[in-house]
Amino acid sequence: MLRMSDFDHGAPGPPRLAHSRVPMTGRDPEERERVSTPLELLFDLTFVVAVGTAASRFAEMIAEGHAGQSVTAFVLAMFAISVAWISYSWFASAFGTDDWLFRVLTMVTMIGVVVFSLGLPAMFHSVEEGDHLELRVMVLGYVVMRVGMILQWWRAGRESPEYRGVCMSNIRWTVIVQVGWVAIAFSHLPLPVVFVSFIVLGALELGLPVLAQGRAGGTPWHPHHVAERYSLFAIITLGEGVVGTVASSGDLLGGADGTEWTWNAVAVVVAGVGLTFGMWWVYFSTPFGDILVHRRGRGYLFGYGHIPLLIGIAGAGAGLHVAGLFLDHHAEIGDVAVVAALAVPVALYLLMIYLLHTLLLSSADPFHLLLITLTLAVLAAALLLAAAGVTVAVCLLVVMLAPFVTVVGYETVGHRHQRRMLADLRAGRG
């Protein structure tokens with residue numbers, strides 16, 4: 001049964017029936033039971049395509065022996081993907097109304113994500129060739145995404161006078177950076193100049209929240225909502241581990257009907273699913289939402305500190321794909337390189353988890369040093385085993401154990417340490 005409150009547009013959150021426009025006055029950062037909307041979940045799914053395309057091309061280039069080029073292209077792609085997702089998600093946490101106009105502008109941004117994804121293969125190919133950097137389709141999609149966001153910021157600035165300064169500042173800096181991207185993509189600059197320009201514009205993208213909100217003030221983002229949004233994006237990125245597992249094991253099944261499982265196929269399935277599950281467990285061992293409630297000033301660190309973390313997650317999925325290509329004799333690299341393609345991104349992911357935990361809580365736990373040392377020892381052991389001639393399948397199973405060092409440490413001892421850190425934070429001692 002409908003209640004009058006369902007139509008109450010003056011409530012802090014969006015109305016349950018959002019057929020008419022809702023004033024974009026800013027959400028309550030302490031709103032109870034704030035969760036991701038179906039629209040935000042749909043928005044995330046468009047990024048699955050982008051992450052999947054980048055991971056797939058990354059794996060293929062590594063398997064072909066182009067390690068340096070593949071890492072460069074993958075980092076460029078994941079950086080752009082992450083920044084675009086971050087821009088929308090923080091805005092939605094602060095100003096999301098879920099009314100018809102908000103939905104239409106979100107659709108514009110989603111169209112940009114799809115166009116951006118279509119440009120990824122050309123960018124990877126250009127990096128592989130090494131004579132230029134093909135960014136035109138990617139930048140076109142990126143500009144479409146940013147146009148959607150500029151219109152969102154303009155609406156928020158018009159309807160919420162309290163935040164007009166930060167909204168207009170975001171618009172100005174976003175336009176400036178987009179002009180730079182267009183200039184790089186559609187001009188014929190020497191490759192070194194293009195890469196230097198990319199670094200400069202990338203730094204501006206990272207600094208945009210600081211530049212836009214320095215004097216104008218912040219936005220009313222919701223700590224638990226933001227933490228949930230990142231956890232959901234981490235989950236869909238972890239899905240690349242499952243995709244990599246299927247891609248790796250599919251061609252390893254024997255028999256005409258695929259019912260004769262080889263040892264390699266079994267090892268890849270166990271390692272892929274086990275590694276993905278372990279990485280998921282590690283991520284959700286840290287209550288980021290509770291931390292952000294008390295450390296709101298470190299939202300920037302939390303938000304952009306996730307970029308290398310997400311690169312590690314997606315890279316691990318690509319590494320599993322590389323292993324499958326190698327075991328199916330479709331790779332031109334050696335055993336150690338195959339194991340490194342998985343071990344390195346896993347190490348990056350786990351190190352970023354520990355670093356974010358330490359920086360957000362402003363508290364270093366000596367027990368973490370022990371866990372990190374053991375984790376790196378496990379990954380190093382996998383590489384040494386590969387160098388010693390142990391089969392790649394066995395080495396993959398060793399890599400799988402790396403996140404479980406943290407899992408076991410947290411479930412036995414670490415959770416008590418973390419509970420004390422959180423208590424100190426709540427009491428103002430952190």
Side-chain angles (χ1 to χ4, degrees), residues 55-75 128 240-241 244-245 247-252 261-279 282 308-309 311-355 369-409:
S56 177
R57 290 296 299 140
F58 180 45
E60 292 170 2
M61 286 180 65
I62 289 180
E64 293 169 359
H66 305 297
Q69 298 97 315
S70 64
V71 171
T72 300
F74 184 64
V75 170
E128 187 175 7
E240 282 306 305
T245 301
S248 301
S249 58
D251 293 333
L252 299 177
W261 285 60
T262 65
W263 155 246
N264 285 338
V266 172
V268 167
V269 170
V270 173
V273 175
L275 181 63
T276 302
F277 191 81
M279 293 170 69
V282 169
L309 185 151
I311 290 174
I313 296 177
L320 288 168
H321 194 176
V322 171
L325 291 172
F326 175 84
L327 294 173
D328 198 39
H329 309 292
H330 290 156
E332 302 174 10
I333 56 178
D335 297 25
V336 176
V338 171
V339 177
L342 181 60
V344 171
V346 170
L348 173 62
Y349 166 75
L350 293 172
L351 287 173
M352 283 307 304
I353 288 287
Y354 280 102
L355 182 60
L369 294 177
L370 173 61
L371 295 180
I372 292 172
T373 301
L374 292 175
T375 298
L376 295 178
V378 169
L379 295 173
L383 293 171
L384 292 174
L385 289 173
V390 177
T391 63
V392 168
V394 172
C395 295
L396 296 180
L397 292 173
V398 175
V399 173
M400 179 197 72
L401 299 176
F404 287 98
V405 172
T406 299
V407 170
V408 173

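Here, residue 1 is the first one in the sequence, and each next residue gets the next number.
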Contact summary for [X] and [Y], nearest pair of heavy atoms:
X	Y	result
Cys395	Ala382	SG-O, 3.6 Å
Ala341	Ile62	CB-CG2, 4.2 Å
Ala314	Phe74	CB-CZ, 3.7 Å
Asp335	Val390	OD2-O, 4.3 Å

May I have the list of side-chain donor-acceptor pairs in residues 396-406 shorter than 3.5 Å, sequence neighbours left out?
from   : atom 1 : to     : atom 2 : distance (Å)
Thr406 : OG1    : Tyr354 : OH     : 2.6

Subject >> salt bridge (Lys or Arg N to Asp or Glu O under 4.0 Å) contacts in which one or both residues fall within residues 391-401, not counting sequence neighbours >> reply: none
Distance-only check: which donor-acceptor pairs under 3.5 Å involve side-chain atoms of residues 372-380, not counting sequence neighbours?
from   : atom 1 : to     : atom 2 : distance (Å)
Thr373 : OG1    : Leu369 : O      : 2.7
Thr375 : OG1    : Leu371 : O      : 2.8

Please tabulate, one pair per line, all N/O donor-acceptor pairs under 3.5 Å involving side-chain atoms of residues 66-73, not counting sequence neighbours.
from  : atom 1 : to     : atom 2 : distance (Å)
His66 : NE2    : Glu128 : OE2    : 3.3
Ser70 : OG     : His66  : O      : 3.0
Ser70 : OG     : Ala67  : O      : 2.7
Thr72 : OG1    : Gly68  : O      : 3.0

Could you give the side-chain donor-acceptor pairs of residues 344-352 under 3.5 Å, partners two or more places apart or in another chain?
from   : atom 1 : to     : atom 2 : distance (Å)
Tyr349 : OH     : Met279 : O      : 2.5
Tyr349 : OH     : Tyr283 : N      : 3.4

**OP:** Could you tell me the separation between the CG atom of Leu325 and the CD atom of Glu60, rounded to the nearest 0.5 Å?
**Re:**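 One finds 7.5 Å between CG of Leu325 and CD of Glu60.
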Original post:
ring-ring contact (aromatic ring centres under 6.0 Å, His included) with Phe326: which residues, sequence neighbours excluded?
Top reply: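 None.
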Subject >> side chain to side chain donor-acceptor pair (under 3.5 Å) contacts in which one or both residues fall within residues 384-403, not counting sequence neighbours >> reply: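 Every pair satisfying side chain to side chain donor-acceptor pair (under 3.5 Å) with a residue in residues 384-403: there are none.
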Subject >> Heavy-atom check, side chain of Val322 versus side chain of Leu342, under 4.5 Å >> reply: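 No, every pair of side-chain atoms sits at 4.5 Å or beyond.
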